[in-house]
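Here the structure is a predicted model, which is why all the values come from computation and not from measurement.
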Amino acid sequence: MNATGMRPERLRHTIAIAGAAALLLLVTLYLALPVVTLFFRTTPDLFLSSLGDPDVLSALWLSLFTSTVTISVVVLLGTPFAFFHSRSRYPGKVLVDTLIDLPLVLPPAVAGLGLLLLYGRTGLIGRYLDLFGITIAFTTLAVIMAQVFVASPFYIRQAKALFEQMDPAYEQTARTLGASPLRIFLGITIPLTANGLVSGAVMTFARALGEFGATIMFAGNLPGVTQTMPLAVYGGLEGNFNIGITIAILLVILSFAIMMAFRFFARREVSRA
Amino acid sequence: MNATGMRPERLRHTIAIAGAAALLLLVTLYLALPVVTLFFRTTPDLFLSSLGDPDVLSALWLSLFTSTVTISVVVLLGTPFAFFHSRSRYPGKVLVDTLIDLPLVLPPAVAGLGLLLLYGRTGLIGRYLDLFGITIAFTTLAVIMAQVFVASPFYIRQAKALFEQMDPAYEQTARTLGASPLRIFLGITIPLTANGLVSGAVMTFARALGEFGATIMFAGNLPGVTQTMPLAVYGGLEGNFNIGITIAILLVILSFAIMMAFRFFARREVSRA
Amino acid sequence: MLEARVKKILRDFPLDLAITVNPGEILVLMGENGAGKSMTLNMISGIIPPDSGLIRLNGTIFYDPHGGIHIPVEDRRIGYVFQNPAVFPHMTVRENIAFGLRARHTPTSTIAGRVDRWLDTMNLSDLAGVKAGMLSGGQQQRVALARALAPGPVLLMLDEPFNALDARSMQDVKGFLRQYVADEGIPCILVMHRVRDAKDVGDRACILDQGVKVWEGRPGDLPGMYLTQERGHPARQLETRISSLTGIPSSITD
Amino acid sequence: MLEARVKKILRDFPLDLAITVNPGEILVLMGENGAGKSMTLNMISGIIPPDSGLIRLNGTIFYDPHGGIHIPVEDRRIGYVFQNPAVFPHMTVRENIAFGLRARHTPTSTIAGRVDRWLDTMNLSDLAGVKAGMLSGGQQQRVALARALAPGPVLLMLDEPFNALDARSMQDVKGFLRQYVADEGIPCILVMHRVRDAKDVGDRACILDQGVKVWEGRPGDLPGMYLTQERGHPARQLETRISSLTGIPSSITD
Amino acid sequence: SVGCTSGAPEQPVPPPTVAATTPAIPAVTSPPIITAAVPTPVIVATTPAPAPATEMASGLVVAYTAASLKGASGKLGPAFEKAYPGTHVIFDLDGTQILKHQVESGAYADIFISASNTYTSALTNEGYFLNDTVKPLTSNYIIVITPAANPGGISSLADLGAAGKLLAMGTKDVPVGINTRIVINNLANSTYTAGWRDQLFRNVKTYETTEPGIVTKVSLGVVDAGFVYESSFRAAPKGTLAAINVPKGDNALQTYSIGVMRISTNKPAARAFAEFLLSTNGQKILTDFGFRPVS
Ligand SMILES: Nc1ncnc2c1ncn2[C@@H]1O[C@H](COP(=O)(O)OP(=O)(O)OP(=O)(O)O)[C@@H](O)[C@H]1O
Ligand SMILES: Nc1ncnc2c1ncn2[C@@H]1O[C@H](COP(=O)(O)OP(=O)(O)OP(=O)(O)O)[C@@H](O)[C@H]1O
Ligand SMILES: [Mg+2]
Ligand SMILES: [Mg+2]
């Protein structure tokens, strides 16, 4: 119990810190460098001309619009879903747990094909919708449906994990105080997991924003209607890589600004609540 | 405070339960139906012939191999990364937080392009590796790198959210007991968040298993070397898309079995530990 | 009046207990660590379902497996403070106390006034706007007490309510509880370990051992040997030993 | 010997405290809820850094901002039980107690024996294989005590250690602590609220009010008015009032 | 690569004189000094490739191949391997532009089959091919497909320009899309009107980035018709699609070309493979899959 007796501990401590720093650097560089590299392939000229391209602009707005609707739908339905699912016992719970993971393992193009086989004009459900003159494929709605299908499991999984890890004492106390499930959900469960939920929402938003395979398969690729940014990027890649890259950078910068703003706003809301 | 006074409460309760059940059903059906639809497009014959196709089989093994390596790398590096990141304060933390999210918003094909521009023979790093005769692009390693790049942010985000939500008292107690950061990490933090981590790992595994765009761009589409299942599915969609669907179903069934086994095993390990 | 009979197989022993608490009466529940006190309260509150039994408050059946009745926790109108206060850390002290009032749809106009009164009673007025997670242990305990009492419960159950309270707060709370329970005429169960506290606040005391009641009587009569009994004796033996010392019959039936 | 002077601006008042605890001595820290007792222990343990001050244990400096010294918590070899026991819920009782021994690289051959001894001391032998999250409140508190004591700390700090203990366990723990601290010759700080407990175990007592020491002396001399003082009086006023009653000088310096 | 770090770049080899039908005339005369890094595709290529010991066509041939040859590749590979025992072909199938970029980024290929003259000449100019080996391989014509059930009632090209039809075609950047636009313009000029063309484009519901995307949507009946290559029509299961031909005069010929890569470490086999594809046997297979011989 003297100063010298602590030396090996201190040494280990220093090594641990150095190792941690190295790991942080390694992981960060690995994830950031490829993105940074992309910036070298574009020029201010290309950038400006992309920004002036009406197709790019409409793709940008469409992407923002559809991803925003998607994340709203996913959060509004997925959060209570995860809550009920993790708080209740019902027959077939394991099955549900299994089914909602299915979209995760599906290659996106196949996911789009599944949606098309279901909601397409000759699809299992689509043929009945067609009788009423309702068409889903090739509409903006189809873009949103594809994004919701592909991205929502990410949010739901994260929400479930957070709800399950939460100390049950808070919800139990709220119940003794007469709170309805809705009040508990809104007043206790959500605020106590808010940071994690926001993180999950950001992840899901990003997944929706980057969605390509399911969208083009199910919704098609029509500028102004179903051509989101990733589809425009792909079109750009077919012509000249640098144009595709420039559009992608535009997407990255923009979504970044949004994610940051969203996180900032949500944090403030949470701490204010 | 009598039986009649409780009626409106009971009614609300019943409505809440009905609403919850409806929501559970709706979400589950939305996510499960398109996948189920796919099963109608395949036949036992197609299934058997796919299973007999050497390219499909090698894609299957390659997918399993690469995804397993990917998830191992992501868990082994991503967990301590998320731990250090959420437990320490260092200059530039916000920047790191921002950078590691970048891959999320990148359309996968562009992610693959970024990797190629970095590690390809003429890439910023690749050109130096080339001097030593090391080639990364278009190898199985490239498949893994693409998967790690695209899928790891999902795991890291979930791990960070779980670590941040955890009650700090456990780790603090462990520190007073003389436990090193490593021991705390392995003995306290991981077991207490294990369920959530497993859930995140399953999500990431699924994302890696379904990875297409970055892989085909960075690693190419060479049977036996870089052609994973999603790439084989893509090939199978050419011509008769039922073949692609059949391969996709194979992928879904298989990955499902793995995810289930993994979860089951991890749960047991956790409860045993 | 609370009439409860609850049975449940626990890990180490079966719990089988019948208790009755009259309106305005404070029943003190004592017993070794792990005897089943908290579990009993959890079952009466509805948080944990018993294996069998019957729970009735003021004539309303809360739990009766034969009738298929299991009133949900939130409809039982109880005030229950857990052994661990579990204040809502993201809410201010004021919001914590108002929570139950809002949940029970108290008219908004009256909420502020009632909360103020409870802030004052629990000496929390200075901390009204502070997030409850940022409080000391004893301050949190007072928040939990105020939060449970504010909605005007028809049954009060406090699990070791004096834990973490400073000397003065403890005196205050003891005095307040006696008064409050008597005024409101509600049944009240308090779990505690100290004979002194039981004598201060209890109308009746009851000792649990491994899930069964081994003694019941006035707190003033609490057997001194309760403090010095040997450990590990099966409950029945202990019961016999207690009854032989206290002269109370060994089987207290419901 | 522990010599600690810690200053920290808290939300409601500045904490500024100097305490010294001799080897083998038990210092009882008392005071109103929110007076800063737990915060003081957190700072001495290193969990929360003070704004300024100096902490020295047996000549080793733990904290000295001028010298840039801040020994990490894990290297201080303290035994610290928080106000909330925080047992590791995923580990068995045995694993909880062995945790500190393993962390300090106790030879594996001796761990089992030492853990058995602590299981026995805290009357937990029957529960050795049970997951600590599945225990009652008092059982968890005993696990936390055994866990903190098992590695043989050189400084012991227990925040309200008698909370949740049943009558018998409390007696046991009190007797054990007196013996243990004396035998090991380590400084010990116990936070508690009851004068009775302070008299039972304390060698010296000290009362905190709004972050400053307002009284210090033998537990037997604890001012009765401590229990009945009016609330809300500024610390200095209170200090004057106490010192005028007890005859102890109003400024106790380090 | 590690094994090939010195020496001058290979000089262009004079074209060997081989009869198109004679298999495997040895063609490699110079040592395999190459500038590329990947001898064989392994996990990380840090080991040198075994230098070709014999001049017989044997060993592995990596063929970077335009994705529309997917169906044919399944026949071409085995047929070649049968004709040249000891060889093995693997196809890396993707859009030509991606393949080109990958080759430029260091991807190893013995053979490159391009679906577009633009990319072929670009790669030729950049010196990636053995120039003598670059040859037109086959060609493909644009065709209009409809679902077998023909829900849109499209029986002629004229119907494509009728209001209310749902159409799919390639984007203006992919080869099939470029040619589709040429065809439509030709038709508008020769047979139909600008109004027909404008309405046709208004009918387009989706601009697909891949041919399978078009075929899938047509065969599922979510669109009434689509523009694809004949080869795609042939590859689809019988009875799912119907086709309307575009008159040859208005059609746009898509020419595929083949070339042996300069970096190839197995040039004998690569040359043999190229020649096999150009042989009557190879051409027969391509014809079976809807491709047309280069005139
Ligand atoms: N979550 C749990 N799962 C399983 N068993 C439990 C759980 N919590 C407590 N127990 C066990 O149930 C029994 C009764 O526990 P309970 O918490 O009711 O004790 P108690 O009388 O409140 O004790 P204490 O005075 O320590 O609070 C004990 O044997 C305890 O170990
Ligand atoms: N996490 C926190 N953040 C900010 N302030 C805190 C926090 N925890 C406690 N405080 C405040 O710091 C002061 C000292 O708290 P501390 O927990 O040390 O009190 P205590 O003397 O231990 O009280 P108790 O007897 O209730 O345990 C109080 O005013 C309290 O409200
Ligand atoms: Mg208890
Ligand atoms: Mg405290």
Visitor: As an exercise: rank A/Ala248, A/Pro103, A/Pro153, A/Ser88 by heavy-atom pairs under 4.5 Å with chain B and give me the winner.
Guide: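 Among A/Ala248, A/Pro103, A/Pro153, A/Ser88, the one with the most close pairs to chain B is A/Pro103.
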
Visitor: Would you mind telling me which of A/Ala206, A/Pro80, A/Ala161 has the largest number of heavy-atom pairs within less than 4.5 Å of chain B?
Guide: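 With the most close heavy-atom pairs to chain B, the winner is A/Ala206.
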
Visitor: So for A/Phe205, is it side chain, backbone, both, or neither that comes closer than 4.5 Å to the heavy atoms of chain B?
Guide: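 Neither part; nothing is under 4.5 Å.
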
Visitor: Is B/Phe83 in contact with chain A via its backbone, its side chain, both, or neither, using a 4.5 Å heavy-atom distance?
Guide: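 Neither part.
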
Visitor: Quick one: which of A/Leu77, A/Leu254, A/Leu182, A/Leu209 has the most heavy-atom pairs under 4.5 Å with chain B, could you say?
Guide: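 Looking at each of A/Leu77, A/Leu254, A/Leu182, A/Leu209 in turn, A/Leu77 comes out on top.
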
Visitor: Drop me the distance from B/Gln165's CD to A/Thr193's OG1, to the nearest 0.5 angstrom.
Guide: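 Those atoms lie 6.0 Å apart.
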
Visitor: Just jot down the side chain to side chain contact (heavy atoms under 4.5 Å, CB included) partners of B/Ala179, sequence neighbours excluded, or say none.
Guide: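 Listed in chain order: B/Ala174, B/Arg183, B/Ile184, D/Phe99, D/Ala103.
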
Visitor: Rounded to the nearest 0.5 Å, what separation is found between the OG atom of A/Ser199 and the CG atom of B/Asp97?
Guide: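 Between A/Ser199 OG and B/Asp97 CG, I get 9.0 Å after rounding to 0.5 Å.
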
Visitor: Which atom names give the shortest non-hydrogen contact between A/Ala146 and B/Tyr30, and what distance separates them?
Guide: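 Minimum heavy-atom separation between A/Ala146 and B/Tyr30: N-OH, 4.5 Å.
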
Visitor: Say whether, by atom type as modelled, one donor and one acceptor occur between the side chain of B/Tyr119 and the main chain of A/Pro34 under 3.5 angstrom.
Guide: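 No; zero donor-acceptor contacts below 3.5 Å.
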
Visitor: Apply the side-chain contact (heavy atoms from CB on, under 4.5 Å) test between A/Val105 and each candidate in B/Val35, B/Val252, B/Leu251; give the one that qualifies.
Guide: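 It is B/Val252; the other options fail the test.
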
Visitor: Give the member of A/Leu197, A/Asp167, A/Val148 that has the highest number of heavy-atom pairs under 4.5 Å with chain B.
Guide: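 With the most close heavy-atom pairs to chain B, the winner is A/Val148.
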
Visitor: Of all residues at least two apart in sequence or in a different chain, which pass the side chain to side chain contact (heavy atoms under 4.5 Å, CB included) check with B/Leu33?
Guide: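 Counting only residues at least two positions away or on another chain, B/Leu33 forms a side chain to side chain contact (heavy atoms under 4.5 Å, CB included) with A/Leu118, A/Ile125, B/Leu29.
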
Visitor: Heavy-atom distance under 4.5 Å between the side chains of A/Leu31 and B/Leu99, does that happen here?
Guide: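 When only atoms from C-beta onward are counted, B/Leu99 and A/Leu31 do not touch, as no gap falls below 4.5 Å.
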
Visitor: Measuring heavy-atom distances to chain A, does B/Leu26 have an atom under 4.5 Å in its side chain, in its backbone, in both, or in neither?
Guide: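 The side chain, not the backbone.
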
Visitor: How close do B/Arg157 and A/Gln158 get, counting heavy atoms only, and between which atoms?
Guide: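 The pair with the smallest heavy-atom distance is O-NE2, 4.3 Å.
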
Visitor: Measuring from atom CZ of B/Phe241 to atom CG of A/Leu117, what distance do you get when rounded to the nearest 0.5 angstrom?
Guide: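 With rounding to 0.5 Å, CZ (B/Phe241) is 6.0 Å from CG (A/Leu117).
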
Visitor: Which atom names give the shortest non-hydrogen contact between B/Leu23 and A/Phe81, and what distance separates them?
Guide: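 Minimum heavy-atom contact is CD2-N, 3.4 Å.
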
Visitor: Quick one: what part of A/Phe212 sits under 4.5 Å from any heavy atom of chain B, side chain, backbone, both or neither?
Guide: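 Nothing of A/Phe212, per the 4.5 Å heavy-atom cut-off to chain B.
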
Visitor: Is B/Met166 in contact with chain A via its backbone, its side chain, both, or neither, using a 4.5 Å heavy-atom distance?
Guide: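 It is both, since atoms from each part get that close.
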
Visitor: Shorter than 4.5 Å, heavy atoms on both sides: which option in A/Gly123, A/Pro107, A/Gly213, A/Pro230 has the most such pairs with chain B?
Guide: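 Highest number of pairs under 4.5 Å: A/Pro107.
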
Visitor: Is it the backbone or the side chain of A/Tyr90 that comes under 4.5 Å from a heavy atom of chain B, or both, or neither?
Guide: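 Interface part for A/Tyr90: side chain.
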
Visitor: Using non-hydrogen atoms only, which part of A/Ser152 is less than 4.5 Å away from chain B: side chain, backbone, both, or neither?
Guide: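 Only the side chain of A/Ser152 comes within 4.5 Å of chain B.
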
Visitor: So, taking the atom named CG in A/Leu124 and the one named OG1 in B/Thr37, what distance separates them when rounded to the nearest 0.5 Å?
Guide: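 These two atoms lie 5.0 Å from each other.
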
Visitor: Do you know which of A/Val36, A/Ile17, A/Ile100, A/Leu24 has the most heavy-atom pairs with chain B at a distance under 4.5 angstrom?
Guide: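 Option with the top pair count is A/Leu24.
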
Visitor: Output the distance between atom CD1 (A/Ile245) and atom CG (B/Leu113), rounded to the nearest 0.5 Å.
Guide: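 Separation between the atoms: 4.0 Å.
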
Visitor: Please state whether the side chain, the backbone, both or neither of A/Met145 comes within less than 4.5 Å of a heavy atom of chain B.
Guide: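 Both the backbone and the side chain of A/Met145 come within 4.5 Å of chain B.
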
Visitor: Please classify the contact of A/Val233 with chain B as side chain, backbone, both or neither, using a heavy-atom distance under 4.5 Å.
Guide: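 Only the side chain of A/Val233 comes within 4.5 Å of chain B.
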
Visitor: Checking heavy atoms, do the side chain of A/Ile156, its backbone, both or neither come under 4.5 Å from chain B?
Guide: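 For A/Ile156, side-chain heavy atoms alone lie under 4.5 Å from chain B.
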
Visitor: What heavy-atom pair brings A/Met203 and B/Leu104 nearest, and what distance separates the two atoms?
Guide: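 Heavy atoms of A/Met203 and B/Leu104 come nearest at CA-CD1, 4.2 Å.
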
Visitor: When rounded to the nearest 0.5 angstrom, what distance separates OG1 in B/Thr28 from NZ in A/Lys93?
Guide: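 It comes to 12.0 Å.
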
